[in-house]
Amino acid sequence: MSRSLRRGALAATAVVFSIASLAACGAGRDAQTLQIKPDNAAASKGQIEVQNALVITQGQKGEKGPAVVSATVFNNGTKAETLDGITLPGSKGKVALKPAEGSGKVTVPALGYVVIGGKGNASAVIEDGAAAVRDGEVQKVAFQLSSTGGIELEAFVVPATGAFAPFGPTAAPATGATPSGTPSGAPSGSPSGSPSAGASGAAAGATPAGSPSGSATGTPSGSPSHSAGH
């Protein structure tokens, strides 16, 4: 575990620039990403190394909603491993881990890496982030890998503002929001084809004898009165 965590939260700003550069770097034993030594939460065990670890909350102070774990997991070994789970020791928060595409476990390729957090990457969502973690604190985060086992470190908890915004959680839905497709009201009227009280007294000879008596007079009464829109 790096002691540099106590040098101040300002050092954590280097995290975003390290993560953002990963997309342009290739995997492999000599990949540029394997040479990154950021001044933030990092830990290693065997052939696995975790870098750039952060817990990112909602952008506004006190805003309720999910938080996320953001990190990069490197595999310097020759066999792929799976990231079986992420936990928050000392916290009741549960982390839902999902791969970038499809379902199942997150794979850390041999001589490669996987990025957790940010658009197009694997995700690790803390559903009740507001209750589980607090901005400005240091949170223990444990990564469980299939062969290496557990790797634990301490990560800064920061809000999704400024440079951290692209890696933060999506906004929580507004309380009491009504789905846009909900019908706006009851039917506006009664069927137009109801028999009238004086129907029996209508002149029977006014209509040609050969014309059909049930011909349609207008729009079918069962057609929708409103079109759905957004």
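The structure displayed is predicted, hence computed values, not measured ones. Just so you know, residue 1 is the first one in the sequence shown, and it goes up from there.
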Minimum heavy-atom separation for [X] to [Y], with atom names?
{"X": "Ala155", "Y": "Ala53", "result": "CB-O, 3.6 Å"}
{"X": "Pro159", "Y": "Gly59", "result": "CB-O, 4.1 Å"}
{"X": "Glu152", "Y": "Ala43", "result": "O-CB, 4.0 Å"}
{"X": "Pro89", "Y": "Lys140", "result": "CD-O, 3.4 Å"}
{"X": "Pro99", "Y": "Gly104", "result": "CD-O, 3.3 Å"}
{"X": "Gly93", "Y": "Ala132", "result": "CA-CB, 3.7 Å"}

Inset, instruction - Report, as yes or no, whether the 6.0 Å neighbourhood of atom CD on Glu137 holds more than 12 heavy atoms from other residues, nucleotides or ligands. - result: yes
Do the side chain of [X] and the main chain of [Y] share a donor and acceptor less than 3.5 angstrom apart?
{"X": "Thr72", "Y": "Asn52", "value": "no"}
{"X": "Gln58", "Y": "Pro66", "value": "yes"}
{"X": "Glu101", "Y": "Ala122", "value": "no"}
{"X": "Ser70", "Y": "Ile116", "value": "yes"}
{"X": "Glu81", "Y": "Thr148", "value": "yes"}

Distance check, rounded to the nearest 0.5 Å: [X] atom [atom1] versus [Y] atom [atom2]?
{"X": "Glu63", "Y": "Asp135", "atom1": "CD", "atom2": "CG", "value": "10.5 Å"}
{"X": "Ser123", "Y": "Ile86", "atom1": "OG", "atom2": "CD1", "value": "9.5 Å"}
{"X": "Lys45", "Y": "Leu153", "atom1": "NZ", "atom2": "CG", "value": "12.5 Å"}

Would you check if [X] and [Y] make a side-chain contact, meaning some heavy-atom pair closer than 4.5 Å?
{"X": "Val141", "Y": "Leu88", "value": "yes"}
{"X": "Val108", "Y": "Tyr113", "value": "no"}
{"X": "Leu54", "Y": "Phe167", "value": "no"}
{"X": "Pro169", "Y": "Ile56", "value": "yes"}

Inset, instruction - Run through Ile126, Val157, Val69 and flag the one making a side-chain contact (heavy atoms from CB on, under 4.5 Å) with Gln139. - result: Val157
Legend entry - Thr107 and its side-chain contact (heavy atoms from CB on, under 4.5 Å) partner, picked from Asn75, Val114, Leu83, Thr82: Thr82
Inset, instruction - Decide side-chain contact (heavy atoms from CB on, under 4.5 Å) for Lys105 and Asp84; before the verdict, give the C-alpha distance in whole Å, the side-chain angles of both, and the deciding distance to 0.1 Å. - result: CA-CA 6 Å; Lys105 296 180 179 180; Asp84 295 338; 3.2 Å; yes
Inset, instruction - Verify side-chain contact (heavy atoms from CB on, under 4.5 Å) between Val73 and Ile151, making sure each step is shown before the conclusion. - result: CA-CA 11 Å; Val73 183; Ile151 300 177; over 6 Å; no
Inset, instruction - Take Val68 and Val55 through the side-chain contact (heavy atoms from CB on, under 4.5 Å) test and state the conclusion after the steps. - result: CA-CA 6 Å; Val68 297; Val55 175; over 6 Å; no
